[in-house]
Amino acid sequence: METSSDVVIAPAPVLDCRWDVMSAACPSRQVLGRVADKWTMLVLSALSAEEVLRFSELRRRIEGVTQKVLTQTLRGLERDGLVDRTVYPTVPVTVEYRLTALGHSLAAAVSVIKAWAYEHIEELEAARDRYDQAAATRTPAGQAVRPAAR
């Protein structure tokens, strides 16, 4: 290990695994695609707050999600083993969703991201405002507009 001004700099950890998310062919990219989807994160968050939810309850809790998108998201989560789907032969059919153990483990990670977002939203909004104000003073070529010389 190197030291510099009483600061210990440890070498970067070497991951001993066969996956490389930076490789286009790596299947972990599919996992990231599923996990990074906002609807996936919202469904996991909603299901982690309750033991079981029906489709209509999920749809009411997740404002803005369409029936089609919620159906696609739930199917993908079920396929990946993150959600269990139980169908009851009632009229109309009752369908319930619950997180699997794997889904609960991912929901824990989602809750960390959600907490980070809540903690930093004001900073993000301020950065966006600064960016938008600066962008409004740029020319189409991307250069800042300078006041005319007198």
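Residue indices begin at 1 and follow the sequence shown. Note that the coordinates shown come from a computational prediction; the quantities given were computed from them, not determined experimentally.
- Seen from the ring of Tyr131, Arg138 counts as a face-on cation partner, given the 6.0 Å and 45° thresholds.
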Show your working on side-chain contact (heavy atoms from CB on, under 4.5 Å) between Val95 and Val93 and close with a plain yes or no. CA-CA 6 Å; Val95 181; Val93 172; 4.0 Å; yes
Run the numbers on Val65 and Val43 for side-chain contact (heavy atoms from CB on, under 4.5 Å), then give the verdict. CA-CA 10 Å; Val65 70; Val43 167; over 6 Å; no
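- Summarising the hydrophobic clusters (Ile, Leu, Val, Met, Phe, Trp, Tyr; side-chain heavy atoms under 4.5 Å, direct or chained), the residues clustered with Met22 are Val21, Leu32.
- Proximity of a side-chain donor or acceptor of Ser45 to a complementary backbone N or O of Met41 within less than 3.5 Å is not detected.
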Using side-chain contact (heavy atoms from CB on, under 4.5 Å), reason through Gln67 and Phe55 one step at a time and then give a plain yes or no. CA-CA 9 Å; Gln67 181 173 338; Phe55 184 90; 3.8 Å; yes
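- We find that Arg98 and Glu50 are not joined by a salt bridge, their nearest charged nitrogen and carboxylate oxygen being 4.0 Å or further apart.
- A donor-acceptor pair under 3.5 Å links the side-chain atoms of Thr100 to the main chain of Gly81, judged by distance alone.
- A side-chain donor-acceptor contact under 3.5 Å links Thr40 to the backbone of Arg34.
- Here Arg60 pairs with Ser56, Glu57 under the side chain to side chain contact (heavy atoms under 4.5 Å, CB included) rule; sequence neighbours left out.
- Follow the hydrophobic side-chain contacts under 4.5 Å out from Val112 and you never reach Leu42; the two are in separate clusters.
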Between Tyr97 and Leu74, is a side-chain contact (heavy atoms from CB on, under 4.5 Å) present by the stated rule, with each step listed? CA-CA 8 Å; Tyr97 296 91; Leu74 287 165; 3.7 Å; yes
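- Under the 3.5 Å distance criterion, the side-chain polar atoms of Arg54 are left unmatched by any main-chain donor or acceptor of Thr94.
- How far CG of Leu77 is from CG of Leu99: 8.5 Å, rounded to the nearest 0.5 Å.
- Both Ile113 and Leu102 are part of a single hydrophobic cluster, where members link through side-chain heavy atoms under 4.5 Å apart.
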